[in-house]
Amino acid sequence: MTGRVVRALGMIRCGAACTEEELHLQAAQVFADAGLDAAHEVRLGPRCRIDFMVGGVGVEIKKSRPDRAKLLEQLSRYAACDQVDALIVAAPRGVDLPREIGGKRVILVALERLWGISLP
């Protein structure tokens with residue numbers, strides 16, 4: 001499932017000037033186009049709402065480079081939830097994330113790769 005979610009996110013084409021809300025709309029569309037059932041703004045617990053859940057895969061989207069400590073704290077809250085099997089973070093390149101948090105796999109999808117036109 002994680003690979004399918006990463007491939008779907010790789011279809012996003014949103015310029016550097018787009019907003020996080022536009023990224024959310026595009027993510028919802030690419031998930032639907034890929035036949036993935038994605039729930040948006042899922043409450044996992046108190047102070048714990050993730051951008052998308054696709055099966056057991058949690059997806060967090062960050063338009064600008066997030067504060068690493070705050071992001072790790074946020075991901076740790078998500079990883080502590082039983083319904084989360086893996087985490088994918090769509091964020092600018094250069095965000096240093098561990099491979100696992102709380103025993104859950106963490107994958108970074110670099111947004112810069114998704115900006116602009118798609119070349120063959």
Side-chain angles (χ1 to χ4, degrees):
M1 173 69 75
T2 304
R4 290 182 65 203
V5 176
V6 169
R7 282 190 296 281
L9 287 170
M11 300 306 296
I12 291 175
R13 293 294 179 265
C14 189
C18 76
T19 66
E20 192 164 313
E21 291 77 22
E22 290 170 315
L23 284 170
H24 282 227
L25 290 172
Q26 284 203 32
Q29 186 61 55
V30 297
F31 292 146
D33 291 349
L36 296 168
D37 184 24
H40 188 234
E41 297 291 342
V42 176
R43 180 173 290 288
L44 300 172
R47 291 185 352 111
C48 193
R49 185 176 62 216
I50 196 163
D51 292 334
F52 288 93
M53 283 297 297
V54 185
V57 179
V59 178
E60 185 65 20
I61 297 173
K62 300 293 186 192
K63 170 64 174 125
S64 57
R65 184 167 289 127
D67 175 273
R68 184 176 189 274
K70 288 181 182 177
L71 178 58
L72 289 176
E73 179 181 309
Q74 184 179 24
L75 295 175
S76 294
R77 285 195 308 271
Y78 298 157
C81 299
D82 290 337
Q83 60 267 52
V84 175
D85 298 324
L87 292 163
I88 297 174
V89 178
R93 194 181 336 224
V95 176
D96 181 32
L97 297 174
R99 291 178 179 254
E100 286 189 359
I101 296 176
K104 313 282 175 84
R105 185 172 178 204
V106 177
I107 298 169
L108 175 67
V109 174
L111 287 177
E112 286 94 339
R113 292 179 153 188
L114 310 179
W115 292 345
I117 61 171
S118 176
L119 300 175

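- Taking every heavy atom of both residues into account, Glu22 and Thr19 meet most closely at OE1-N, 2.6 Å.
- Here Gln74 contributes atom CD and Lys62 contributes atom NZ; the two are 4.0 Å apart, rounded to the nearest 0.5 Å.
- Grouping the Ile, Leu, Val, Met, Phe, Trp and Tyr side chains by contacts below 4.5 angstrom, directly or via other members, places Met11 with Leu36.
- Residues Ile61 and Phe52 have side chains in contact (heavy-atom distance under 4.5 Å, counting atoms from C-beta outward).
- Residues Pro98 and Arg68 come closest through the heavy atom pair CD-NH2, 4.2 Å.
- Atom CD of Glu60 and atom CZ of Arg49 lie 10.0 Å apart (nearest 0.5 Å).
- The environment of CG in Asp82 is sparse: at most 12 heavy-atom neighbours from other residues, nucleotides or ligands sit within 6.0 Å.
- A side chain to side chain donor-acceptor pair (under 3.5 Å) check over residues 95-110, counting only residues at least two apart or in different chains, returns nothing.
- Cluster partners of Leu71 are Val42, Leu44, Ile50, Met53, Leu72, Leu75, Tyr78, Val84, Leu87, Val89, Val95, Leu97, Ile101, Val106, Leu108, counting Ile, Leu, Val, Met, Phe, Trp and Tyr whose side-chain heavy atoms approach within less than 4.5 Å, directly or via other members.
- Aromatic ring orientation, His24 versus His40: perpendicular (interplanar angle above 60°, classes split at 30° and 60°).
- Between Ala27 and Leu9, the shortest heavy-atom distance links the atoms CB-CD2, 4.3 Å.
- Partner of Val6 under the side-chain contact (heavy atoms from CB on, under 4.5 Å) criterion, chosen from Ile107, Val57, Val59: Ile107.
- Scored by the side chain to side chain donor-acceptor pair (under 3.5 Å) test, Asp37 finds no partners at all (sequence neighbours excluded).
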